[in-house]
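Please read the structure below before turning to the comments.
In what follows, every chain begins at residue 1, and chains take the letters A, B, ... in the order their sequences are listed.
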Amino acid sequence: NAGVTQTPKFRVLKTGQSMTLLCAQDMNHEYMYWYRQDPGMGLRLIHYSVGEGTTAKGEVPDGYNVSRLKKQNFLLGLESAAPSQTSVYFCASSYSMTGDRHQPQHFGDGTRLSIL
Amino acid sequence: GDSVTQMEGPVTLSEEAFLTINCTYTATGYPSLFWYVQYPGEGLQLLLKATKADDKGSNKGFEATYRKETTSFHLEKGSVQVSDSAVYFCALSGGAGGTSYGKLTFGQGTILTVHP
């Protein structure tokens with residue numbers, strides 16, 4: 001019953017460093033998403049993917065890149081970390097849209113990232 | 001674009017009190033509406049959903065009715081417990097028409113604290 005697993009759970013970076021956040025899901029979901037959560041702003045969509053090998057920009061994509069080489073994994077990369085990217089990052093996944101096109105999303109426990 | 005507005009928090013209640021968290025939305029088309037709950041240190045979990053006007057979603061004693069005429073989806077519970085202390089997010093999907101790929105637009109979240 002792993003569901004959506006995010007690694008790492010915590011990380012501290014210096015400005016300019018790079019890192020990759022990993023998201024893995026074992027529910028055979030087609031869709032995957034990366035959000036960031038900041039105080040008083042809810043969750044905002046960074047990038048999403050509707051299937052293996054596809055990615056698309058969300059609401060706040062600048063400074064991030066993503067890749068979906070395998071259906072079960074969705075990677076979020078920061079090429080040159082900035083203090084403004086200090087946040088809690090959540091990955092989510094869901095079934096693709098069918099007759100009931102609004103499928104609920106399943107979330108990981110988050111990655112707390114601090115950029116100094 | 002789509003947007004979701006929740007009542008400002010935090011909300012502090014005594015055990016067994018009645019809870020209402022207001023949520024209103026702006027969207028074109030016919031969105032689905034969701035309430036997610038986030039317990040401390042965890043990711044978001046789907047609490048309830050409604051996919052069309054006048055639908056009532058319910059789970060764990062919580063209820064919300066999709067009111068298209070007032071563009072609202074207020075969350076209610078008749079008697080809260082200490083274990084209900086969490087952050088509650090209202091969200092919508094599919095409001096912009098066309099293919100939204102399940103993307104969620106979140107409200108800013110409402111912190112609920114219940115005291116014994």
Would a hydrophobic clustering, with Ile, Leu, Val, Met, Phe, Trp and Tyr connected at side-chain separations under 4.5 Å, put [X] with [Y]?
{"X": "A/Val60", "Y": "A/Met19", "answer": "yes"}
{"X": "A/Tyr48", "Y": "A/Val66", "answer": "no"}
{"X": "A/Leu76", "Y": "A/Leu13", "answer": "yes"}
{"X": "B/Phe62", "Y": "B/Leu13", "answer": "yes"}
{"X": "B/Phe89", "Y": "A/Tyr35", "answer": "yes"}

Exercise. Could you have a look at B/Gln6, B/Gln38, B/Gln45 and say which one has the most heavy-atom pairs with chain A under 4.5 angstrom?
Key: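 Going by pairs under 4.5 Å, I would pick B/Gln38.
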Quiz prompt | Between B/Leu44, B/Leu46, B/Val4, the one whose heavy-atom pairs under 4.5 Å with chain A are most numerous | solution =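 Highest number of heavy-atom pairs under 4.5 Å: B/Leu44.
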Quiz item: What distance separates A/Glu59 CD from B/Phe106 CZ, expressed to the nearest 0.5 Å?
Solution: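 CZ of B/Phe106 is found 11.0 Å from CD of A/Glu59.
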Quiz prompt | Heavy-atom closest pair, residues A/Gly40 and B/Gln108 | solution =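 Reported closest heavy-atom pair: O-CB, 3.3 Å.
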Over 12 non-hydrogen atoms of neighbours within 6.0 angstrom of [atom1] in [X]:
{"X": "A/Glu79", "atom1": "CD", "value": "no"}
{"X": "A/Gln17", "atom1": "CD", "value": "yes"}
{"X": "B/Lys68", "atom1": "NZ", "value": "yes"}

Quiz prompt | Contacting moiety of A/Gln6, where chain B heavy atoms sit under 4.5 Å | solution =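 For A/Gln6, neither part sits under 4.5 Å from chain B.
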Exercise. Answer with side chain, backbone, both or neither: which region of A/Leu45 has an atom nearer than 4.5 Å to a non-hydrogen atom of chain B?
Key: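 For A/Leu45, side-chain heavy atoms alone lie under 4.5 Å from chain B.
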Quiz item: How would you list, in number order, the residues of residues 105-116 of chain A that have a heavy atom less than 4.5 Å from chain B?
Solution: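 Result: A/Gln105, A/Phe107, A/Gly108, A/Asp109.
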Quiz item: Can you list the residues that meet the side-chain hydrogen bond (donor to acceptor under 3.5 Å, both in side chains) rule with A/Ser94, with sequence neighbours excluded?
Solution: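 Applying side-chain hydrogen bond (donor to acceptor under 3.5 Å, both in side chains) to A/Ser94 gives A/Tyr33.
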Quiz prompt | Interchain contact, B/Ile111 with chain A, by part (heavy-atom threshold 4.5 Å) | solution =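 No part of it gets close to chain A.
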Exercise. Determine, stepwise, if the pair A/Leu43 / B/Tyr36 fulfils side chain to side chain contact (heavy atoms under 4.5 Å, CB included).
Key: CA-CA 11 Å; A/Leu43 278 74; B/Tyr36 281 84; over 6 Å; no
Self-check item: Largest heavy-atom contact set with chain B, pairs under 4.5 Å, which of A/Val50, A/Val88, A/Val4
Solution: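 Maximum pair count with chain B is reached by A/Val50.
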